[in-house]
Asker: 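Sharing a structure here in structure tokens format.
Just follow the structure's listing: the first ligand is 1, and inside any ligand the first atom is 1.
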Amino acid sequence: MTLLEQMLMNTDSVVILGHVRPDGDCLGSALGLYNYIRSLRPDIRMAVYLEEASPKFAYLKGFEEIRHRTDDENYHLCICVDSSDRERLGEFVCYLDRAQSSLCLDHHVTNTGYGEHNVVEDKASSTCEVLFKQMDESRIDKAIAECLYTGIVHDTGVFKFSCTSPKTMEIAGHLMAKGIDFGNIIDDSFYRKTYIQNQILGRALLESITFLDGKCIFSAIRQNEMKLYGVDGKDMDGIIDQLRLTEGVEVAIFMYQTGASEYKVSLRSQSIVDVSRVAFFFGGGGHVRAAGCTMSGSIHDVINNLSLHIEKQLNEREQED
Ligand code: 5GP
Ligand code: MN
């Protein structure tokens, strides 16, 4: 019996939490787990609390039932998915503090082990992959498979990032066998863009700047530009992926303004720089090839600070070669 199954046997109420600005893996794992528990143990009182997510994920079963505000409810068991530290839980951390027991399911190398029990597999492509292994496959129905497949698709960039393993593909195959419409899941939740999302992508690419001899590229979107185009953080998925694919680039940086002098920063690397180390230094976290953090100062300050760390790693590597 897996740890998840054991913990579900000994509880009558469960709260599921994920990270701020929930992405495909966060939503897929939270709702996959929600639907699994609902079908396995309908007697359990349960809720998912997450910030508002992009409506492109509305096809996931249970999406409309997600609660976006804190309330006075208490739950016995708190399960945190895809979140490497307590801060990532945002305001919903209060449910973790009030729970008698907790389980953290994650795949971030920077995970701090903040749960009472932690299942952290940093080689797994996604939290959905970790979660699949905690489930009884015969109890996974089509709706649960749609959730898990969505998370895997998003965290692997449609099965191509270095985190994609033979095991990932095997799991995806098991999920396909549940009858999901995998083509539409990939198109609708990953590739499709609204008109304004395409416009902001175009703007970000047009204004991008390379530095460190073309080994790095960055682009920044200010709040006044976000207002002009009518976009928010959820509309900027995918910009970093296009920057990353610029020929000759080792590290791509994308940031958008979240406060007077505050930026949400995304980092991606090709094969040398460990961006999780860079992000972790600035209070964030993530994976070796994909990480993020929130930084203060002007765009200039942010780039200067990041570039020092990136250059250091690039130089270390050159010395090794
Ligand atoms: P993204 O750039 O797509 O927002 O995030 C890339 C990866 O880094 C994801 O796995 C995400 O969970 C992690 N990440 C992004 N921002 C932060 C942050 O502020 N703190 C931590 N701990 N992880 C982050
Ligand atoms: Mn993830």
Asker: Measure the distance from atom 16 (N) of ligand 1 to every protein heavy atom, then report the residue, atom name and distance (to 0.1 Å) of the closest one.
Answerer: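 I find the closest protein heavy atom is Lys264 NZ, 2.8 Å.
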Asker: To the nearest 0.5 Å, how far apart are CD1 in Ile37 and CG in Leu4?
Answerer: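 Ile37 CD1 to Leu4 CG: 6.5 Å, rounded to 0.5 Å.
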Asker: Taking both backbone and side-chain atoms of His19, is any N or O found less than 3.5 Å from an N or O belonging to ligand 1?
Answerer: no
Asker: Identify, for atom 4 (O) of ligand 1, the protein heavy atom at the shortest distance, and state residue, atom and that distance.
Answerer: Ser266 OG, 3.8 Å
Asker: Is it the side chain (CB and beyond), the backbone, both or neither of Glu87 that lies under 4.0 Å from ligand 1, heavy atoms counted?
Answerer: neither
Asker: For the pair Tyr49 and Phe92, name the ring-plane relationship: parallel under 30°, tilted 30 to 60°, perpendicular over 60°.
Answerer: tilted
Asker: Is it the side chain, the backbone, both or neither of Arg88 that has a heavy atom closer than 4.0 Å to ligand 1?
Answerer: side chain
Asker: Quick one: name the protein N/O/S atoms under 2.8 Å from the Mn ion (ligand 2), chain by chain.
Answerer: Asp25 OD2, Asp82 OD1, His107 NE2, Asp155 OD2
Asker: Got a donor-acceptor contact below 3.5 angstrom from the Glu116 side chain to the Ser102 backbone?
Answerer: yes
Asker: Does the side chain of Val273 reach to within under 4.5 Å of the side chain of Arg289, using non-hydrogen atoms?
Answerer: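 No - every pair of side-chain heavy atoms lies 4.5 Å or more apart.
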Asker: In this structure, is the centre-to-centre distance between the rings of Phe282 and His309 below 6.0 Å?
Answerer: yes
Asker: Would you mind listing which atoms of ligand 1 come within a distance below 4.0 Å of any non-hydrogen atom of Gly284?
Answerer: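 What qualifies from ligand 1 is 18 (C), 20 (N), 21 (C), 22 (N).
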Asker: Within 45° of the ring axis of Tyr229 and under 6.0 Å from its six-membered ring centre, is that where the NZ or CZ of Arg203 lies?
Answerer: no
Asker: Under the criterion salt bridge (charged side-chain N to carboxylate O under 4.0 Å, His left out), I'd like the reasoning laid out for Arg45 against Glu73: C-alpha separation, chi angles, the key distance, then a yes or no.
Answerer: CA-CA 11 Å; Arg45 182 169 60 83; Glu73 299 258 4; 2.9 Å; yes
Asker: With respect to His107, which candidate in Leu131, Val119, Val130 satisfies the side chain to side chain contact (heavy atoms under 4.5 Å, CB included) definition?
Answerer: Val130
Asker: For atom 22 (N) of ligand 1, what is the nearest protein heavy atom, given as residue, atom name and distance?
Answerer: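 Ranked first by proximity to atom 22 (N) of ligand 1 is Ser84 OG, 3.0 Å.
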Asker: Quick one: which ligand 1 atoms are inside 4.0 Å of a heavy atom on His287?
Answerer: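 Result: 10 (O).
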Asker: With ring centroids as reference points, do Phe57 and His154 lie under 6.0 angstrom apart?
Answerer: yes
Asker: Among all protein heavy atoms, pick the one closest to atom 21 (C) of ligand 1 and tell me residue, atom and distance.
Answerer: Gly285 N, 3.1 Å
Asker: Centre of Tyr95's six-membered ring, under 6.0 Å away, within 45 degrees of the axis: is that where NZ or CZ of Arg98 sits?
Answerer: yes
Asker: Tell me: protein heavy atom nearest atom 15 (C) of ligand 1, and distance?
Answerer: Gly292 CA, 3.4 Å
Asker: Could you walk me through whether Glu311 and Lys215 pass the salt bridge (charged side-chain N to carboxylate O under 4.0 Å, His left out) test, one step at a time?
Answerer: CA-CA 10 Å; Glu311 196 174 10; Lys215 289 198 192 74; over 6 Å; no
Asker: Please state which protein non-hydrogen atom is closest to atom 7 (C) of ligand 1 and give its distance, to 0.1 Å?
Answerer: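 Answer for atom 7 (C) of ligand 1: Ala290 O, 3.6 Å.
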Asker: Select one of side chain, backbone, both or neither to describe which atoms of Asp85 lie under 4.0 Å from any atom of ligand 1, heavy atoms only.
Answerer: side chain
Asker: Of the protein's non-hydrogen atoms, which lies at the shortest distance from atom 3 (O) of ligand 1, and what is that distance?
Answerer: Arg268 NH2, 2.9 Å
Asker: Quick one, Phe159 with Tyr149, criterion ring-ring contact (aromatic ring centres under 6.0 Å, His included). Give me CA distance, side-chain angles, the key distance, then yes/no.
Answerer: CA-CA 11 Å; Phe159 307 108; Tyr149 192 84; 5.8 Å; yes
Asker: Return the closest protein heavy atom for atom 9 (C) of ligand 1 as residue, atom name and distance.
Answerer: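 Its nearest protein heavy-atom neighbour is His108 NE2, 3.8 Å.
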Asker: Measure across Lys142 and Ile180 and return the closest heavy-atom pair with its distance rounded to 0.1 Å.
Answerer: O-CG2, 3.8 Å
